[in-house]
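Only heavy atoms go into these numbers, but all of them, side chains included; no hydrogens, no water, no symmetry mates.
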Amino acid sequence: MTDMILSRRQLLAGASIAAATGLAGGVSPGLAKAPLLNSQAPAFYRFKVGSIEATVVTDGPMEIGAPEKTFIGPSPQELGQMLTDRFLPANNVVLDQNALVINTGEKLALFETGMSSVKRSKDMGRLTENLKAAGIDPKDIDAVIPSHGHIDHIGGILAEDGSRNFPNAQIYISQTDLEYWTSDARIGTAGEGSMRAARKNLLPNRDRILFYSDGKEVIPGVQAMHTPGHTLGHTCFVVTSGGKTLYVAGDLVHHEIIVEKPRMEDFFDTDRKLGIETRLKTMDMLATQRMLSIVYHLPWPGVGHFVKRDDGFHFEPEPMQVVL
């Protein structure tokens, strides 16, 4: 009897090993291997604002280096800890670039354009290929609406070879930003890169540029809201349809850590004190009104709500819809 029990145990153990290694049924473990794909799905995300179809499309990640080069006030150690607490690298800030397309039924408008003409790495400048993957032909874009004139917002109006990415679109920007970012006064300053990108992308398209202004309609269903500080002409937009709203926030904030510590100065703000004032006032409005927002540089796809928390704010991502 003991010998019989041991035999059954050995038999069961052998069956378990065969199942775990793929040998049951005579299958060789080598045949179960699959090649690594080393690719990602096209990066676009679609949702609705009333009857408007909204599609977020990435231009790719943008590395901006050590946090103390961007966020002024806390020590490098404090900034590093803020990032580490979010399971992020402490020595390199990486921003998303979440461009937005809205289809109103009458207009197809793109907010922000990325960096295809001035890309710094192979990982960026992907907006047009991701638009096509999302079923959007860049030739069908009617309106290109950058929030301001910085390099990563107007740098994709042209392709790397100098051709127009959106050949049938009118371009909307503030007159203040057009004049500021194409001026010789930027030469030799920290803004020279944006100046050269603006000259490269905006000036050849001067005949198709229209100016938006505070409180006025840019295209039907889209109202401009002047939010100066980051740049003098920085503008956000309120998209409205069917009683629903979406706030297109541009560079109101660059990162979750400045959402939570909004009194930090941002190196990239043209007027840093005004930038703080605008951030606080605008995030307070968005939190109070519980308005859905999309933020260009927050983690993909950048859609969510600002919530008041302690002496700052928190950005609560909107749950992603897998079915429209």
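The backbone N or O of L274 lies less than 3.5 Å from a partner atom in the side chain of T278, making a donor-acceptor pair. When atom types are taken as modelled, the side chain of Q170 and the backbone of A143 share no donor-acceptor pair closer than 3.5 angstrom. No side-chain donor-acceptor contact under 3.5 Å links T104 to the backbone of I52. Proximity of a side-chain donor or acceptor of T55 to a complementary backbone N or O of Y45 within less than 3.5 Å is not detected. Judged by distance alone, the side chain of T240 and the main-chain N or O of T245 form no donor-acceptor pair under 3.5 Å. Remark: side-chain polar atoms of Y296 are paired, donor with acceptor, to backbone N or O of D152 under 3.5 angstrom. With hydrogens and angles disregarded, a donor-acceptor distance shorter than 3.5 Å links the side chain of D137 to the backbone of K139. At distances below 3.5 Å, not a single donor-acceptor pair connects side-chain atoms of N91 with backbone N or O atoms of A66. A donor-acceptor contact shorter than 3.5 Å links the side chain of R279 to the backbone of P262.
Only one option out of I145, L210, V144, L202 pairs with I173 in a side-chain contact (heavy atoms from CB on, under 4.5 Å); it is L202.
Neither side chain, R199 nor T182, offers a donor N or O lying under 3.5 Å from an acceptor on the other.
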Extract all donor-acceptor atom pairs below 3.5 Å that involve side chains of residues 215-230 and protein atoms in other chains or at least two apart in sequence.
residue, atom, partner, partner atom, Å
E217, OE2, G221, N, 3.3
Q223, NE2, G215, O, 3.0
H226, NE2, L232, O, 2.9
T227, OG1, H234, O, 3.3
T227, OG1, H234, ND1, 2.8
H230, ND1, D269, OD1, 2.7
H230, NE2, H148, NE2, 3.4
H230, NE2, H150, ND1, 3.1
H230, NE2, D251, OD2, 3.1

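Residues D161 and S163 come closest through the heavy atom pair OD1-OG, 2.7 Å. Contact between V239 and V248 at its shortest, heavy atoms only, is CG2-CG2, 3.9 Å.
Centroid-to-centroid, the aromatic rings of Y247 and F306 stay 6.0 Å apart or farther.
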Side chain to side chain contact (heavy atoms under 4.5 Å, CB included) evaluation trace for F166 with N205: CA-CA 11 Å; F166 314 103; N205 290 292; over 6 Å; no

Let's go through R196 and E192 carefully: what are the C-alpha distance in whole Å and the side-chain angles of both, what is the deciding distance for salt bridge (Lys or Arg N to Asp or Glu O under 4.0 Å) to 0.1 Å, and is it a yes or a no? CA-CA 6 Å; R196 297 198 180 281; E192 183 171 347; 2.7 Å; yes

Just do the side chain to side chain donor-acceptor pair (under 3.5 Å) check on T270 and T231 with the steps written out, would you? CA-CA 5 Å; T270 302; T231 67; 5.5 Å; no

For a side chain to side chain donor-acceptor pair (under 3.5 Å) check, start with the C-alpha distance between S116 and N165, then their side-chain angles and the critical distance, and finish with the verdict. CA-CA 9 Å; S116 64; N165 279 328; 3.0 Å; yes

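At a threshold of 4.5 Å between non-hydrogen side-chain atoms, the residues E256 and V253 do not count as touching.
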